[in-house]
Amino acid sequence: DPALKINRAYSDLIKSTRGQDRDYLREQLKEAQWLISSLELRNHTLRSVIHAIVQRQAGFLEHGDVGMQPLLQKEVAELVEVHESTVSRATTGKYLHTPRGTFELKYFFSVAIATRDGGEISATSVRARLDQLIRSEDPRRPLSDQALVEALENDGLLLARRTVAKYREQLGIPNSSQRRRAAARATPG
């Protein structure tokens, strides 16, 4: 990190001035010091937030989206001991470069989906599993949203059909009828 410092020539100038000029320079020095300390605090908060995210999302860093853990901004705020709105501001428009690519910090937050055994899995992980199921289906006999619900249920995931449809749409994947027609057009004769 480049350190911000006040130029010594300006701070020495205060010693050689008097009256209103001195008062003005002192006020400017205070504002510069305040700016530097504010930037240092902001940097510290951002580093703390990133550290908490990376610790919690180690599974993502190792395994991709399927390893994403449920994580709320509120949880990170409690870990870092700041307000939730501070975490929101700190992560907006900030990116983290990882071995898996560069991601906006907000990407690492994901709601929890209950599992049959009482555990939790992140919505991001569920979307990744859904994507895997659709990619491995027989293109001539694509899985309906209900069949996807049942396949996910076999994995211990309890989702409504409309939730599966929403996640499928978020992934940009057409419904089973559209996938079947696309496969028929792609297969000659």
Side-chain angles (χ1 to χ4, degrees), residues 1-2 39-139 142-143 145 147-160 162-176 178-179 182-183 186:
D1 286 336
L39 289 171
E40 287 171 350
L41 178 61
R42 181 177 184 253
N43 192 29
H44 173 74
T45 300
L46 182 58
R47 285 179 180 276
S48 297
V49 166
I50 290 171
H51 181 75
I53 290 170
V54 168
Q55 279 190 312
R56 183 64 185 270
Q57 297 301 5
F60 166 80
L61 296 171
E62 290 178 32
H63 307 289
D65 283 352
V66 294
M68 186 79 76
Q69 295 298 310
L71 181 64
L72 300 176
Q73 289 180 359
K74 181 179 180 180
E75 294 173 68
V76 171
E78 289 169 2
L79 287 169
V80 178
E81 298 178 344
V82 296
H83 194 274
E84 188 176 344
S85 65
T86 301
V87 173
S88 179
R89 280 191 308 274
T91 55
T92 299
K94 310 288 186 325
Y95 294 82
L96 180 64
H97 181 70
T98 74
R100 296 209 166 269
T102 302
F103 300 89
E104 186 172 11
L105 290 177
K106 295 228 182 258
Y107 181 78
F108 296 98
F109 296 105
S110 182
V111 296
I113 305 280
T115 61
R116 187 175 38 234
D117 63 6
E120 292 182 333
I121 187 169
S122 76
T124 303
S125 182
V126 172
R127 278 191 294 272
R129 178 66 183 124
L130 185 62
D131 189 48
Q132 288 174 342
L133 285 169
I134 293 170
R135 286 182 190 275
S136 64
E137 73 188 359
D138 178 351
L143 300 168
D145 289 344
L148 291 166
V149 165
E150 292 165 11
L152 291 168
E153 197 172 309
N154 289 338
D155 289 348
L157 303 174
L158 308 173
L159 284 98
R162 67 183 175 276
T163 304
V164 167
K166 178 177 91 171
Y167 288 173
R168 178 183 47 71
E169 289 168 5
Q170 287 173 349
L171 291 166
I173 298 172
N175 66 33
S176 59
Q178 293 167 325
R179 295 195 312 271

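Please read all numbers here as calculations on a predicted model, not as lab measurements.
Inter-residue side-chain proximity for Val54 and Phe108 is flagged as unmet; no heavy-atom pair is nearer than 4.5 Å. In this structure, the side chains of Val87 and Val82 come closer than 4.5 Å at one or more pairs of heavy atoms.
The list of salt bridge (charged side-chain N to carboxylate O under 4.0 Å, His left out) pairs with a residue in residues 85-101, not counting sequence neighbours, is empty. Applying the side chain to side chain donor-acceptor pair (under 3.5 Å) test to every pair with at least one member in residues 62-73, sequence neighbours left out, gives these pairs: Asp65-Tyr107. Among residue pairs with one or both ends in residues 111-122, those qualifying as side chain to side chain donor-acceptor pair (under 3.5 Å) are Thr115-Asp117; sequence neighbours excluded.
Applying the side-chain hydrogen bond (donor to acceptor under 3.5 Å, both in side chains) rule to His83 yields the partners Ser85; only residues at least two apart in sequence or on another chain are considered. Not a single side-chain hydrogen bond (donor to acceptor under 3.5 Å, both in side chains) links Thr98 to another residue, sequence neighbours left out. For Thr102, the side-chain hydrogen bond (donor to acceptor under 3.5 Å, both in side chains) partners two or more places apart in sequence, or in a different chain, are His97. Under the side chain to side chain contact (heavy atoms under 4.5 Å, CB included) criterion, Glu78 pairs with Lys74, sequence neighbours left out. Glu75 is linked by a salt bridge (charged side-chain N to carboxylate O under 4.0 Å, His left out) to Arg56, counting only residues two or more places apart in sequence or in another chain. The side chain to side chain contact (heavy atoms under 4.5 Å, CB included) check on Asp138 picks up Arg140, Arg141, with sequence neighbours excluded. For the side chain to side chain contact (heavy atoms under 4.5 Å, CB included) test, residues two or more places apart in sequence or in another chain that qualify with Glu40 are Ile36. Glu150 pairs by the side chain to side chain contact (heavy atoms under 4.5 Å, CB included) definition with Gln146, not counting sequence neighbours.
Of all the heavy atoms in Leu79 and Ala52, the pair that sits closest is CD1-CB, 4.2 Å. Nearest heavy-atom pair, Ala123 versus Ser110, reported as atom, atom and distance to 0.1 Å: N-OG, 3.0 Å. When every heavy atom of Arg179 is checked against every heavy atom of Pro174, the shortest pair comes out as NH1-O, 2.7 Å.
Of the candidates Leu152, Leu143, Val149, Leu130 forms a side chain to side chain contact (heavy atoms under 4.5 Å, CB included) with just one, namely Leu152.
One finds the CD atom of Gln55 at 11.5 Å from the CG atom of Leu71 (value rounded to the nearest 0.5 Å). How far OG1 of Thr86 is from CD of Glu81: 12.5 Å, rounded to the nearest 0.5 Å. In this structure, Ile121 CD1 and Leu157 CG are separated by 5.0 Å, a value rounded to the nearest 0.5 Å. Going from atom NE2 of His44 over to atom CG of Leu39 covers 14.5 Å, rounded to the nearest 0.5 Å.
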- Go through the steps to decide whether Val76 and Thr91 satisfy the test side-chain contact (heavy atoms from CB on, under 4.5 Å), and finish with yes or no. CA-CA 11 Å; Val76 171; Thr91 55; over 6 Å; no
- Would you sort out whether Arg127 and Thr124 count as a side-chain contact (heavy atoms from CB on, under 4.5 Å), showing the intermediate values? CA-CA 5 Å; Arg127 278 191 294 272; Thr124 303; 3.5 Å; yes
- Task: Under the side-chain contact (heavy atoms from CB on, under 4.5 Å) rule, what do Ile50 and Leu105 come out as? Steps first, then yes or no, please.
- Result: CA-CA 8 Å; Ile50 290 171; Leu105 290 177; 3.9 Å; yes
Please report, to 0.1 Å, the donor-acceptor pairs under 3.5 Å made by any side chain of residues 162-169, with sequence neighbours excluded.
residue, atom, partner, partner atom, Å
Arg168, NE, Asp145, OD1, 2.8
Arg168, NH1, Ile173, O, 2.9
Arg168, NH2, Asp145, OD2, 3.1

